[in-house]
Amino acid sequence: MCDPASRIRIALVALPLLLAACQSMAPDYQRPAAPVATHYSSSAASEVDAAEPLPWRDYFTDPRLQALIAQALANNRDLRVAALRVEEARALYGIQRADLFPTIGAQAGVDRSRTPADLNLTGKPLVGSAYQAGLGLSTWEIDLWGRLRSLDDAALENARASEATRRAAALSLVGQVADAYLELAELDERLAIARETIASRQESFRIFSRRVEVGATSRLNLTQIETLLTQAQALGAQLEQQREQRLNALSLLVGSPLDLPVGQARTALDMAFAPLQPGLPSLLLVRRPDVAAAEHRLIAANANIGAARAAFFPSISLTGNLGSASAELSGLFRDGSHAWSFSPSISLPIFTGGRLRNNLDLAEVRRDIAEASYEKSVQAAFRDVADALSARQRLAEQLAIAQTAVRVQGERARLSALRYDNGAAPFLDVLDAQRDLLSAQQQLVQIRRALLSSSVALYAALGGDAVTAASPFLPRSGS
């Protein structure tokens, strides 16, 4: 026969094994069917084989843009907050996981007491002491029904969701920086065109002013030239304001002040992106970090149902200690001073006023909400890719049309000027042609930038690359 102390030791060894064998009462998780079409639009029907995601440095080849993205990933405050949220979720997971294991601590203490004479059988006051030292087991719930295991799973999935949210924030930041830099390049190009136009019209105004002085043309023509000049000057001032605002927005994304003189970003409009193959919509479920975050939250909500179900069943807890006790400090560790206590307890909910039932209903409703949110995130991801594919195709068509329009308007302006010089057309034709040419040139630059932005949007919509890789501290799903 084993002595009581040995029995306690055996129990402390066997109970973790019993705990490991506990099964969760959570429903079996099944990924919801994706509520989207199996293929993208017919315009992208040929792109069914998806290549591996490109690293962002291979996709965004402009050196200045690469430096800005790297700076943003290091300094952006929103991304920093997202990373700290991951650390927060990691700590919460560790706290929850600790409930699976017993809490054992060393303890030592002394009790001194005095009993008055009239309460003592000897009729004399009595001063007594009690010394004790040992190991104590705090109240520890044996997870027979998987309640703690379900809560642990939920905390882990919430931590994974937080990590996926960080990856989504990083991916979004890469796209925002690239798009803001392209907008800056667009404004630089449009501003250069506007300044060239201002200089040309200032020269025309000087020439026509001289002609008015010698009586070679009417003052009406001079006022029309001046009107075109002021319109170009107004456009230039408007573009300069927009550029300053866009630079400020880019500085906020990057996380520090930027010194980008006017014209420095123009080369970005000549950047060529590697072709992207979107593949099938089902790939979004594994590539998009925001979709992964929504699924982890759904799995966590599913696990919480198991915890709510287990609350209906009896709860068994253990409390105990093992050590030595003596009335004298010198006898604390002598033979025969061994002391122990073992206090198992069981509780069974009988009447809770509907608390447990409503708690289960709440867990199930939250699971349904998480499922709807997951399905919405899948639909949003599908739309992002479909929109980017459509924009890439239609903007390419618009770019060809805009290039033709600029060529035609340039020829029109040239011919109008020749006809006016030969007296075959009124000067108003020349003014209209020049105004339309400037508008066509501005629109061409806008479409060029929009086409590049569609490639940025497609890159982000497809889920990015290694910059969004998961942190190593969290176990993979299913591990």
Results of salt bridge (Lys or Arg N to Asp or Glu O under 4.0 Å) for [X] - residues two or more places apart only:
X: E186; result: R190, R449
X: D188; result: R243
X: R246; result: E183
X: R414; result: E411

Less than 4.0 angstrom from a charged side-chain N to a carboxylate O is my criterion; do [X] and [Y] meet it?
X: D62; Y: R64; answer: no
X: R85; Y: E88; answer: yes
X: R448; Y: D270; answer: yes

Could you tell me whether the side chain of [Y] reaches within less than 4.5 Å of the side chain of [X], counting heavy atoms only?
X: L444; Y: E189; value: no
X: V456; Y: L452; value: no
X: V254; Y: N76; value: no
X: L247; Y: L184; value: yes
X: R383; Y: V36; value: no

Sequence neighbours excluded - ring-ring contact (aromatic ring centres under 6.0 Å, His included) pairs with any residue from residues 222-251 = none
Please collect all ring-ring contact (aromatic ring centres under 6.0 Å, His included) contacts where either partner lies in residues 232-287, sequence neighbours excluded, each pair once.
-> Y59-F273, F60-F273
Acceptor/donor pairs from residues 205-215 side chains to any protein atom, 3.5 angstrom cut, sequence neighbours excluded:
residue : atom : partner : partner atom : Å
R206    : NE   : E203    : OE1          : 3.3
R206    : NE   : E203    : OE2          : 3.4
R206    : NH2  : E203    : OE2          : 2.6
S209    : OG   : F205    : O            : 2.7
R210    : NH1  : E213    : OE1          : 3.1

Looking at I225 and R201, what are the two nearest heavy atoms and their distance?
-> CG2-O, 4.2 Å
Closest non-hydrogen contact found for L151 with A307 is CD2-CB, 3.6 Å
For atom CZ of R419, decide whether the heavy atoms of other residues, nucleotides or ligands shown that lie under 6.0 angstrom number more than 12.
->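 It does not: R419 CZ has 12 such atoms or fewer within range.
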For E196, does its backbone N or O pair with a side-chain atom of S200 as donor and acceptor, under 3.5 Å?
-> no
Is the backbone N or O of A461 less than 3.5 Å from a side-chain atom of D384, with the two atoms forming a donor-acceptor pair by type?
-> no
Pair up each side-chain donor or acceptor in residues 25-32 with any protein partner under 3.5 Å, not counting sequence neighbours, and list the distances.
residue : atom : partner : partner atom : Å
Y29     : OH   : E295    : OE2          : 2.8
R31     : NE   : E295    : OE1          : 3.4
R31     : NE   : E295    : OE2          : 2.9
R31     : NH2  : E295    : OE1          : 3.1
R31     : NH2  : E295    : OE2          : 3.4

By side-chain hydrogen bond (donor to acceptor under 3.5 Å, both in side chains) - contacts of D179 (at least two apart) =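 Here the qualifying residues are S453.
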Please walk me through it: do Q231 and T227 pass side-chain hydrogen bond (donor to acceptor under 3.5 Å, both in side chains)?
-> CA-CA 6 Å; Q231 289 175 348; T227 299; over 6 Å; no
Distance-only donor-acceptor hits, side chain of residues 361-372, under 3.5 Å, sequence neighbours excluded:
residue : atom : partner : partner atom : Å
D361    : OD1  : R357    : NE           : 3.4
D361    : OD1  : R357    : NH2          : 3.0

Could I get the full list of ring pair (Phe, Tyr, Trp, His ring centres under 6.0 Å) partners for Y420, not counting sequence neighbours?
->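 Y420 satisfies ring pair (Phe, Tyr, Trp, His ring centres under 6.0 Å) with F427 once adjacent residues are dropped.
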Would you list the pairs meeting side-chain hydrogen bond (donor to acceptor under 3.5 Å, both in side chains) in which at least one residue belongs to residues 421-432, sequence neighbours left out?
-> D432-R435
